[in-house]
Engineer: 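Structure incoming, see below.
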Amino acid sequence: DIINSITTNSILNDYSIAFNFKTDYVQPQPGNNDQIFRYWINNNIYEINIGGYINGVNYTGQVFAFPSGGTFDYSSGQTYNDGVWHTAVIIKNNSNNLLETYVDGTLSSTFTETPNVGTLEIEAGGDFAHHYEGNIDNLSIWSKTLSQQEIQQYINCPPNGSESDLVGYWNFEEGSGTTAFDLTSNGNDGTINGATYSTDVPLQNCCTPNPIALQPADQGVNIGDDANFSFTDNLTGASYQWQMDSGTGFTNLSNAGQF
């Protein structure tokens, strides 16, 4: 089951590809690459595999982006076919010709290849000979190399589609039908061929961009039996809980809420 080829219609120099994946599949024999994605730039094919057979060595359960031509420089040896959600980020930096794969923020593999600039096309689920058996979610393609800070950020919380340098983003939350909609304004929709939707999704922790870092000091005032008071702030969607000192401790007031 695959998501048919999506053409991004963007000429990419440096780029990043990020997504969540989960699988417990084990290759039945060496050489059966379990392709999560394959993509093309200038008709040069790339594979993003979990497991594979390179230069006579079988890398079962390991994750790497593999160019059609290049030198395999490094493998962490860590396996990820453990039935747990992971985040993979593939980064291509044309200044040093490195194609790097990070999983959960840790470097998984590197390849050195020749510079390659062009339009990126991508296909999810592998080809008809090398199917990916597992789940994928939150696929995004960027026209830049993501920084370590950005990698950590998107591990916790995926993009929303409006970020700069975001070429395409698919969260696969349609629930039915055969179209995977691009949530950016670029309109790079994909066609689903045989894959099914699942309610098994990765956990997300989308914190507010400006969390409270300092607890304000307690203030008290004697207001007598009846009083009206108000205040203003510049927060968005903040909630407040009004409390009263009952002599044995503070109790919440029933009419407290969001203001």
Engineer: Any pair with a residue in residues 146-159 that passes salt bridge (charged side-chain N to carboxylate O under 4.0 Å, His left out), sequence neighbours left out, goes on the list, sorted by first then second residue, please.
Structural biologist: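 The answer is Lys144-Glu150.
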Engineer: Given Ser108, which partner from the list Ile90, Thr101, Val89 fulfils the side-chain contact (heavy atoms from CB on, under 4.5 Å) test?
Structural biologist: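 Only one of Ile90, Thr101, Val89 forms a side-chain contact (heavy atoms from CB on, under 4.5 Å) with Ser108, namely Thr101.
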Engineer: Return the minimal non-hydrogen interatomic distance between Leu146 and Ser16, and the atom names on each side.
Structural biologist: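 Leu146 and Ser16 have their closest heavy atoms at N-OG, 2.9 Å.
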Engineer: Under 3.5 Å, is there a donor-acceptor pair between the Glu163 and Tyr154 side chains?
Structural biologist: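 Distance-only check fails for Glu163 and Tyr154.
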Engineer: Is a side-chain donor or acceptor of Asp24 paired with a backbone partner of Asp82 at a separation under 3.5 angstrom?
Structural biologist: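 The answer is no, because no donor-acceptor pair under 3.5 Å joins these two groups.
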Engineer: Could you give the distance from CD1 (Ile36) to CD (Glu47), rounded to the nearest 0.5 Å?
Structural biologist: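 One gets 11.0 Å once the value is rounded to the nearest 0.5 Å.
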Engineer: In the hydrophobic cluster built from side-chain contacts under 4.5 Å, what are the other members alongside Phe181?
Structural biologist: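 Besides Phe181, the cluster holds no residue at all.
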Engineer: Would you say Phe21 ends up clustered with Phe172 if hydrophobic residues are merged whenever their side chains have heavy atoms under 4.5 Å apart, either directly or through other cluster members?
Structural biologist: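 Yes: a chain of side-chain contacts under 4.5 Å links Phe172 to Phe21.
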Engineer: Using distance alone, with no hydrogens and no angle criterion, decide if Trp170 and Asn188 have a side-chain donor and acceptor under 3.5 Å apart.
Structural biologist: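 Short answer, no.
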Engineer: Do Asn138 and Pro202 come within less than 4.5 Å of each other through their side chains, counting heavy atoms only?
Structural biologist: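 In contact.
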Engineer: Just so I know, are the side chains of Val167 and Leu120 near enough to count as touching, which here means a heavy-atom distance under 4.5 Å?
Structural biologist: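 Val167 does not reach Leu120 side chain to side chain.
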Engineer: Is the number of heavy atoms from other residues, nucleotides or ligands under 6.0 Å of Gln148 CD greater than 12?
Structural biologist: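 Above 12, so yes.
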Engineer: Could you tell me whether the side chain of Gln35 reaches within less than 4.5 Å of the side chain of Tyr132, counting heavy atoms only?
Structural biologist: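 Contact flag for Tyr132/Gln35 side chains = no.
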Engineer: Please determine whether residues Ile122 and Phe64 belong to a single hydrophobic cluster, defined as Ile, Leu, Val, Met, Phe, Trp and Tyr linked transitively by side-chain heavy-atom distances below 4.5 Å.
Structural biologist: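 The answer is yes; both residues are in one hydrophobic cluster.
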Engineer: Do Val63 and Ser109 have side chains that approach each other closer than 4.5 Å (heavy atoms only, starting at C-beta)?
Structural biologist: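 No. Closest side-chain heavy atoms not under 4.5 Å.
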Engineer: List in chain and number order the residues that pass side-chain hydrogen bond (donor to acceptor under 3.5 Å, both in side chains) with Tyr80, two or more places apart in sequence or in another chain; answer none if no residue qualifies.
Structural biologist: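 Residues passing side-chain hydrogen bond (donor to acceptor under 3.5 Å, both in side chains) with Tyr80: none at all.
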Engineer: Given side chains that start at C-beta, do those of Pro67 and Asn44 come closer than 4.5 Å, heavy atoms only?
Structural biologist: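 They are not in side-chain contact.
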Engineer: Other than Val117, which residues form its hydrophobic cluster under the rule that side-chain heavy atoms must be closer than 4.5 Å?
Structural biologist: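 Hydrophobic cluster check, Val117: joined to Ile11.
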Engineer: With Asn20, which of Asp137, Thr87, Asn135 fulfils side chain to side chain donor-acceptor pair (under 3.5 Å)?
Structural biologist: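 With Asn20 as partner, side chain to side chain donor-acceptor pair (under 3.5 Å) holds for just one option, Thr87.
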Engineer: Walk me through it: do Glu174 and Thr179 pass the test side-chain contact (heavy atoms from CB on, under 4.5 Å)?
Structural biologist: CA-CA 8 Å; Glu174 293 79 12; Thr179 301; 5.9 Å; no
Engineer: Answer yes if the side chains of Gln62 and Ser75 hold a donor-acceptor pair under 3.5 Å, and no otherwise.
Structural biologist: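 Yes, because at least one side-chain N or O of Gln62 sits under 3.5 Å from a partner of the opposite role on Ser75.
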Engineer: In sequence, state the C-alpha distance, the side-chain angles, and the governing distance for Thr106 and Asp104, and then conclude on side chain to side chain donor-acceptor pair (under 3.5 Å).
Structural biologist: CA-CA 6 Å; Thr106 301; Asp104 300 333; over 6 Å; no
Engineer: Which pair of non-hydrogen atoms, one from Ile141 and one from Leu166, has the smallest distance, and what is that distance?
Structural biologist: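 Nearest heavy atoms, Ile141 then Leu166: O-CD1, 3.5 Å.
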Engineer: Go through the structure and list residues passing side-chain hydrogen bond (donor to acceptor under 3.5 Å, both in side chains) with Asp14, not counting sequence neighbours.
Structural biologist: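 Residues passing side-chain hydrogen bond (donor to acceptor under 3.5 Å, both in side chains) with Asp14: none at all.
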Engineer: Looking at side-chain heavy atoms only, is the closest gap between Tyr169 and Pro158 below 4.5 Å?
Structural biologist: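 SC-SC contact between Tyr169 and Pro158 confirmed.
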Engineer: With a 4.5 Å cut-off on side-chain heavy atoms, are Ile91 and Tyr102 touching?
Structural biologist: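 Yes, their side chains come closer than 4.5 Å.
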Engineer: Under the side chain to side chain donor-acceptor pair (under 3.5 Å) rule, what do Asp200 and Ser198 come out as? Steps first, then yes or no, please.
Structural biologist: CA-CA 5 Å; Asp200 183 1; Ser198 172; 5.1 Å; no
Engineer: Say you draw a straight line from OG of Ser140 to CG of Asn160; how long is it, rounded to the nearest 0.5 Å?
Structural biologist: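 These two atoms lie 11.5 Å from each other.
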Engineer: Tell me, with the steps shown, if Phe19 and Phe37 meet ring-ring contact (aromatic ring centres under 6.0 Å, His included).
Structural biologist: CA-CA 10 Å; Phe19 58 92; Phe37 294 96; 4.7 Å; yes
Engineer: Please enumerate all residues that pass salt bridge (Lys or Arg N to Asp or Glu O under 4.0 Å) together with Glu100, with sequence neighbours excluded.
Structural biologist: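 Result, salt bridge (Lys or Arg N to Asp or Glu O under 4.0 Å) vs Glu100: none returned.
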Engineer: Output, in order, the C-alpha distance, side-chain angles, deciding distance and verdict of side-chain contact (heavy atoms from CB on, under 4.5 Å) for Tyr197 and Ile192.
Structural biologist: CA-CA 10 Å; Tyr197 289 98; Ile192 299 172; 3.2 Å; yes
Engineer: Output the distance between atom NZ (Lys92) and atom OG1 (Thr145), rounded to the nearest 0.5 Å.
Structural biologist: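 Reported to 0.5 Å precision, the distance equals 11.5 Å.
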Engineer: Is a side-chain N or O of Asn116 found less than 3.5 angstrom from the main chain of Ile41, in a donor-acceptor match?
Structural biologist: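 Judged by distance alone, yes, a pair lies under 3.5 Å.
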Engineer: Is there a donor-acceptor contact under 3.5 Å from the side chain of Asn81 to the main chain of Ile50?
Structural biologist: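 Not a single qualifying donor-acceptor pair exists.
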Engineer: Check for me, please, whether Trp142 and Ile136 land in the same ILVMFWY cluster - side-chain distances under 4.5 Å, paths through other members count.
Structural biologist: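 Not linked; separate clusters.
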Engineer: Quick one: do Ile48 and Ile151 end up in the same hydrophobic cluster if we chain Ile, Leu, Val, Met, Phe, Trp and Tyr together by side-chain heavy atoms under 4.5 Å apart?
Structural biologist: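 No, it is not one cluster - the side chains of Ile48 and Ile151 are not joined through contacts under 4.5 Å.
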Engineer: Indicate the ring-plane relationship of Phe111 and Phe72, choosing parallel, tilted or perpendicular according to the 30° and 60° boundaries.
Structural biologist: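 Parallel.
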Engineer: Tyr59 and Leu99: same hydrophobic cluster, using ILVMFWY side-chain contacts below 4.5 Å?
Structural biologist: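 Both belong to a single hydrophobic cluster.
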Engineer: Can you say whether the rings of Tyr46 and Tyr15 are parallel (under 30°), tilted (30 to 60°) or perpendicular (over 60°)?
Structural biologist: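 Perpendicular, since the angle between the ring planes exceeds 60°.
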